[in-house]
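Step one of this worksheet: look at the structure below.
Numbering of ligands and ligand atoms starts at 1, following listing order. We use all heavy atoms of the structure for the numbers below, so side chains are in, but hydrogens, waters and symmetry mates are not.
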Amino acid sequence: MTYKELFDKALEASEKSYSPYSHFPVGAALLTESGKVFCGCNVENRSFGATRCAEQTAIQKAVSEGEKEFAAIAIATPKSDYPVGPCGVCRQIISEFADEKMPVIYGCSWENHIESDVETLYPSDSLHELGSN
Ligand code: THU
């Protein structure tokens, strides 16, 4: 799967966004090492703190289906006029499962996207030694 194909799936996922408060749809598409794609959108809540980001939705779907090895994630923010990278919490959550070199592709369109990686977006990550499985 090309990054463009993965990004297109993220764009498609953003159409499912439940964002009546921010009116800011986000879609994510997570490619597993086994070649599957798990998509997610942001799901807002009137108790604002209970809102879940698109990346979190995709990661929770994948992990709850037994997939924990990821090859890339694409994030689409079609209503922004510049590529919006993952929020701080999402960077932590992505880094829980992703290798530091895992590509993170984000953009408001394929014509205006950035190809980055976990290490660049979340440098000096720590405490990996706490996990045992
Ligand atoms: N949002 C995401 O889904 N992912 C991010 O990384 C940035 C923010 C969502 C949360 C909220 O529903 C809306 O975008 C505005 O912050």
Side-chain angles (χ1 to χ4, degrees):
M1 160 154 311
T2 65
Y3 289 165
K4 182 177 186 312
E5 287 168 336
L6 192 65
F7 185 80
D8 283 345
K9 287 185 182 293
L11 262 182
E12 199 180 315
S14 75
E15 292 169 15
K16 304 259 172 44
S17 167
Y18 176 73
S19 44
Y21 305 105
S22 72
H23 304 286
F24 189 75
V26 185
L30 182 62
L31 178 66
T32 70
E33 289 286 3
S34 61
K36 293 182 201 157
V37 177
F38 289 86
C39 291
C41 62
N42 52 333
V43 182
E44 298 189 343
N45 191 278
R46 61 181 178 267
S47 167
F48 292 173
T51 289
R52 292 295 166 260
C53 290
E55 301 90 319
Q56 295 173 36
T57 305
I59 290 171
Q60 295 205 1
K61 283 172 68 178
V63 174
S64 61
E65 294 293 328
E67 297 281 349
K68 291 195 285 283
E69 308 290 331
F70 302 129
I73 188 168
I75 303 152
T77 56
K79 290 263 175 76
S80 66
D81 52 11
Y82 64 95
V84 173
C87 78
V89 173
C90 284
R91 291 176 198 216
Q92 176 74 48
I93 290 173
I94 292 168
S95 104
E96 179 73 20
F97 297 102
D99 178 79
E100 59 190 10
K101 301 291 180 206
M102 189 186 86
V104 179
I105 300 104
Y106 59 96
C108 42
S109 65
W110 184 249
E111 290 65 39
N112 193 1
H113 80 278
I114 289 172
E115 294 179 15
S116 187
D117 59 31
V118 171
E119 188 177 40
T120 303
L121 292 171
Y122 206 55
S124 308
D125 189 18
S126 58
L127 294 177
H128 288 270
E129 70 278 13
L130 294 181
S132 60
N133 63 356

- Quick one: nearest non-hydrogen protein atom to atom 12 (O) of ligand 1, plus distance?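 I find the closest protein heavy atom is Glu44 OE2, 2.4 Å.
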- Query: What protein heavy atom is closest to atom 3 (O) of ligand 1, reported as residue, atom name and distance in Å?
  - Reply: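 Looking at atom 3 (O) of ligand 1, the protein heavy atom closest to it is Ala54 N, 2.9 Å.
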- Asn42 to ligand 1: N or O pair under 3.5 Å?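 Yes; at least one N/O pair falls below 3.5 Å.
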- Message: Test your reading of the structure: does Cys90 have an N or O sitting under 3.5 Å from an N or O of ligand 1?
- Response: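 The answer is no, given that Cys90 and ligand 1 share no N or O pair closer than 3.5 Å.
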- Select one of side chain, backbone, both or neither to describe which atoms of Cys53 lie under 4.0 Å from any atom of ligand 1, heavy atoms only.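 Under 4.0 Å from ligand 1, Cys53 contributes backbone and side-chain atoms.
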- Task: Using the six-membered ring wherever Trp is involved, compare the ring planes of His113 and Phe7 and label them parallel, tilted or perpendicular (cut-offs 30° and 60°).
- Result: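 The arrangement is tilted - the two ring planes meet at 30° to 60°.
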- Item | Criterion side-chain contact (heavy atoms from CB on, under 4.5 Å) on Phe97 and Val63, from CA distance to verdict | CA-CA 9 Å; Phe97 297 102; Val63 174; 3.8 Å; yes
- Query: Residues in side chain to side chain donor-acceptor pair (under 3.5 Å) with Lys79, at least two apart?
  - Reply: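 For Lys79 there are no side chain to side chain donor-acceptor pair (under 3.5 Å) partners, ignoring immediate neighbours.
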- Message: Suppose I only count heavy atoms of Pro86 and a 4.0 Å limit; which atoms of ligand 1 are within that range?
- Response: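 Counting atoms of ligand 1 from 1, those under 4.0 Å from Pro86 are 6 (O).
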- Numbered atoms and elements of ligand 1 in range of Ser22, under 4.0 angstrom, heavy atoms: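 The atoms of ligand 1 under 4.0 Å from a heavy atom of Ser22 are 13 (C), 15 (C).
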- Item | Options Arg91, Glu55, Arg52, ranked by nearest heavy atom to atom 5 (C) of ligand 1, top entry |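 Comparing heavy atoms across Arg91, Glu55, Arg52, the nearest one to atom 5 (C) of ligand 1 lies in Glu55.
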For residues 20-31, which side-chain N or O atoms pair as donor and acceptor with protein atoms under 3.5 Å away, sequence neighbours left out?
{"from": "Ser22", "atom 1": "OG", "to": "Phe24", "atom 2": "N", "distance (Å)": "3.0"}
{"from": "Ser22", "atom 1": "OG", "to": "Glu44", "atom 2": "OE2", "distance (Å)": "2.5"}
{"from": "His23", "atom 1": "NE2", "to": "Pro20", "atom 2": "O", "distance (Å)": "3.1"}

- Message: Testing the basics here: between Pro78 and Ser14, what is the closest heavy-atom pair and its distance to 0.1 Å?
- Response: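 Nearest pair, atom of Pro78 first, then Ser14: CG-OG, 3.4 Å.
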- Please say whether more than 12 non-hydrogen atoms of neighbouring residues, nucleotides or ligands are located less than 6.0 Å from CD in Gln92.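 Enclosed.
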- Item | atom 16 (O) of ligand 1: any protein heavy atom closer than 4.0 Å |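 So far as the 4.0 Å threshold goes, atom 16 (O) of ligand 1 is out of reach of every protein heavy atom.
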- Message: Test your reading of the model: is there a side-chain donor-acceptor pair from Thr57 to the backbone of Cys41, 3.5 Å cut-off?
- Response: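 It does hold such a pair.
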